[in-house]
Amino acid sequence: MLLDTYGRVATDLRVSLTDRCNLRCTYCMPEEGLQWLAKPELLTDDEIVRLVRIAVTELGIEEIRFTGGEPLLRPGLAGIVERCAQLEPRPQMSLTTNGIGLERTAEALRDAGLDRVNVSLDTLRPEVFQRMTRRKRHGDVLRGLAAGRAAGLTPVKVNAVLMPGLNDDEAPDLLAWAVENDYELRFIEQMPLDAQHGWQRDGMVTAGDILESLRTRFTLTPEGSQERGSAPAERWIVDGGPHRVGVIASVTRPFCAACDRTRLTADGQVRTCLFAREESDLRGAMREGATDAELARLWKVAMWGKKAGAGIDDPSFVQPDRPMSAIGG
Ligand SMILES: C[S@@+](CC[C@H](N)C(=O)[O-])C[C@H]1O[C@@H](n2cnc3c(N)ncnc32)[C@H](O)[C@@H]1O
């Protein structure tokens, strides 16, 4: 079991499959992109499957989320999913993606054993999408979403980040669209994880702002805390149900006390938190011949060092060295 010194047990593993992305979201990375990891630094498909197997069969991980970068850019994705689906006990598997290419791959991923997708989409306006992502791919994302739903990768969740002066007026429109299309919408507060270090607390759209905006058009009833469990999103029932809307208030209402996550970067480093400043190198140990038992032990030791909270509210907070795309969002 992956236990930390605060009594939390990690059962949810985020696996980053690549640090590369085909979008350039302004809150994530600069226009020119980043210095990508070189291929030898990336875990191979076999190494990923081995570490996932150890996590599931030795360490109590129940849920795997594949992410990146953009995980659909990883050529071996379907094969990795298929091999992880054969593990006993079989983990729940989902994919966090920008949806570009999902139109072509959704059915194959479902057949390989993927259970669900989370697709990121911040705006319904193609011109705003282009300003926010610096790419003309709005239509691809909408088609990817529809393909995910048609393939049964449900509930399809949509992640949206609101940015002042760009799309902060769109919360009610996004919710109306999500309800109509049977997507579960979740707003994510912008976090200090951009490569350019451009995040400013004063400039961000808060959960409070988002809820105020939604309430101009919808009646929102809070879902009980029992339904939330360790989920990062607080959820509200929309207009009496059955649809829900979530807000992940990582900055203004952090949910660290119930955190059940551990992370593996595309280059094989364990991180205990998005905001952790330390990493534990499983790739190095693995390539030096560590046994499964030794790797499991290293993972346990890493989690024992997990901090009580992400510390964004602490005046001494320092942004992690690696940006979100390199950690795995
Ligand atoms: C880093 S991406 C990786 C997976 C995939 N490329 C995607 O777009 O979903 C995961 C999520 O992180 C969000 N994200 C990226 N940078 C962020 C930031 N600084 N604050 C909040 N969310 C961020 C994205 O909008 C996306 O929903």
Side-chain angles (χ1 to χ4, degrees), residues 14-30 33-34 36 64-74 77 94-102 105 109 116-123 128-129 132-135 137-138 140-142 144-145 148 153 156-164 166-168 170 174 178 183-201 203-207 210 232-233 246-255 261 263-266 271 273-275 310 312 317 319-320 322-329:
R14 310 251 151 167
V15 181
S16 176
L17 297 179
T18 175
D19 59 334
R20 288 171 192 256
C21 193
N22 41 8
L23 296 181
R24 294 286 179 275
C25 300
T26 50
Y27 51 75
C28 190
M29 64 171 82
L34 297 166
W36 311 123
I64 310 288
R65 322 262 180 131
F66 296 108
T67 182
E70 174 45 51
L72 288 176
L73 295 179
R74 174 111 192 180
L77 173 62
S94 61
L95 180 75
T96 301
T97 169
N98 60 30
I100 297 171
L102 193 58
T105 50
L109 288 170
R116 274 198 321 98
V117 282
N118 283 17
V119 178
S120 303
L121 179 67
D122 303 330
T123 175
V128 175
F129 182 90
M132 291 185 73
T133 67
R134 305 181 177 109
R135 296 288 186 270
R137 307 300 297 266
H138 194 248
D140 295 271
V141 179
L142 293 180
L145 269 162
L153 295 170
V156 173
K157 297 187 182 175
V158 174
N159 293 344
V161 177
L162 296 182
M163 296 291 287
L166 282 168
N167 62 341
D168 54 344
E170 271 196 76
L174 278 164
Y183 301 138
E184 187 177 319
L185 178 65
R186 297 126 41 98
F187 293 96
I188 308 179
E189 281 183 341
Q190 187 199 358
M191 293 179 269
L193 285 168
D194 56 312
Q196 320 83 285
H197 291 224
W199 179 87
Q200 287 184 327
R201 182 179 298 270
M204 62 170 283
V205 181
T206 64
I210 295 165
V247 180
I248 303 181
S250 325
V251 177
T252 62
R253 301 184 203 172
F255 37 88
R261 295 181 185 183
R263 294 175 178 273
L264 184 64
T265 64
R271 294 180 69 98
C273 169
L274 261 178
F275 295 96
I312 311 176
F317 173 75
Q319 191 171 329
R322 296 222 249 185
M324 175 86 126
S325 57
I327 298 169

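Predicted model, so just to flag it, every value in this text is computed and none were measured. Whatever order the structure lists them in is the order used to number ligands and atoms, beginning at 1. Sequential numbering from 1 along the given sequence is applied to the chain's residues.
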Donor-acceptor pair, Glu189 side chain versus Thr252 backbone, under 3.5 Å? yes
Which atoms of ligand 1 have any heavy atom of Gln190 under 4.0 Å away? 20 (N), 21 (C)
Is there a nitrogen or oxygen of Glu70 sitting under 3.5 Å from a nitrogen or oxygen of ligand 1? yes
Just need the protein heavy atom nearest to atom 27 (O) of ligand 1, so name the residue and atom and give the distance. Ser120 OG, 2.7 Å
Check whether any side-chain N or O of Arg24 sits under 3.5 Å from a backbone N or O of Arg134 as a donor-acceptor pair, and report yes or no. no
CZ of Arg65 to CG of Leu264, rounded to nearest 0.5 Å, is 15.5 Å
For Arg137 and Leu23, indicate whether the former's side chain and the latter's backbone hold a donor-acceptor pair under 3.5 Å. no
Identity and distance of the protein heavy atom lying nearest atom 25 (O) of ligand 1: Tyr27 OH, 3.0 Å
Numbered atoms of ligand 1 (with element) below 4.0 Å of Val161, judged on heavy atoms: 22 (N), 25 (O)
Minimum distance, heavy atoms only, to atom 2 (S) of ligand 1: which one of Gly68, Cys25, Ser325 is it? Gly68
Just by modelled atom types, is the Val161 backbone N or O under 3.5 Å from a matching donor or acceptor in the Asp122 side chain? yes
Got the closest protein heavy atom to atom 20 (N) of ligand 1, with its distance? Met191 N, 2.8 Å
Phe317 to Pro192 - nearest heavy-atom pair and separation: CE2-CG, 3.7 Å
Taking 4.0 angstrom as the limit and counting only heavy atoms of Asn159, give me the atoms of ligand 1 inside it, by number and element. 27 (O)
Min over Gly329, Pro323, Pro192 of heavy-atom distance to atom 10 (C) of ligand 1 lands on Gly329
Mark up the atoms of ligand 1 that fall under 4.0 Å of a heavy atom belonging to Cys28, in ascending order. 15 (C), 16 (N)
Check whether any side-chain heavy atom of Phe129 lies under 4.5 Å from a side-chain heavy atom of Asn167, and answer yes or no. no
Between the main-chain N or O of Asp194 and the side-chain N or O of Gln319, is there a donor-acceptor pair closer than 3.5 Å? yes
Atom 13 (C) of ligand 1 - nearest protein heavy atom and its distance: Met324 CE, 3.8 Å
For Asn98, the ligand 1 atoms whose distance to one of its heavy atoms is below 4.0 Å: 5 (C), 7 (C), 8 (O), 9 (O)
Between ligand 1 and Gly69, is the shortest N or O to N or O distance under 3.5 Å? yes
Ignoring hydrogens and angles, tell me if any N or O in the side chain of Gln190 forms a donor-acceptor pair with the backbone of Val251 under 3.5 Å. no
Check Asn118 against ligand 1 and report side chain, backbone, both or neither, counting heavy atoms closer than 4.0 Å. neither
Proximal atoms of ligand 1 relative to Thr67 (non-hydrogen, under 4.0 Å): 3 (C), 4 (C)
Set out, in order, the CA-CA distance, both residues' side-chain angles and the distance that settles side chain to side chain donor-acceptor pair (under 3.5 Å) for Thr97 and Glu70, then state yes or no. CA-CA 6 Å; Thr97 169; Glu70 174 45 51; 2.8 Å; yes
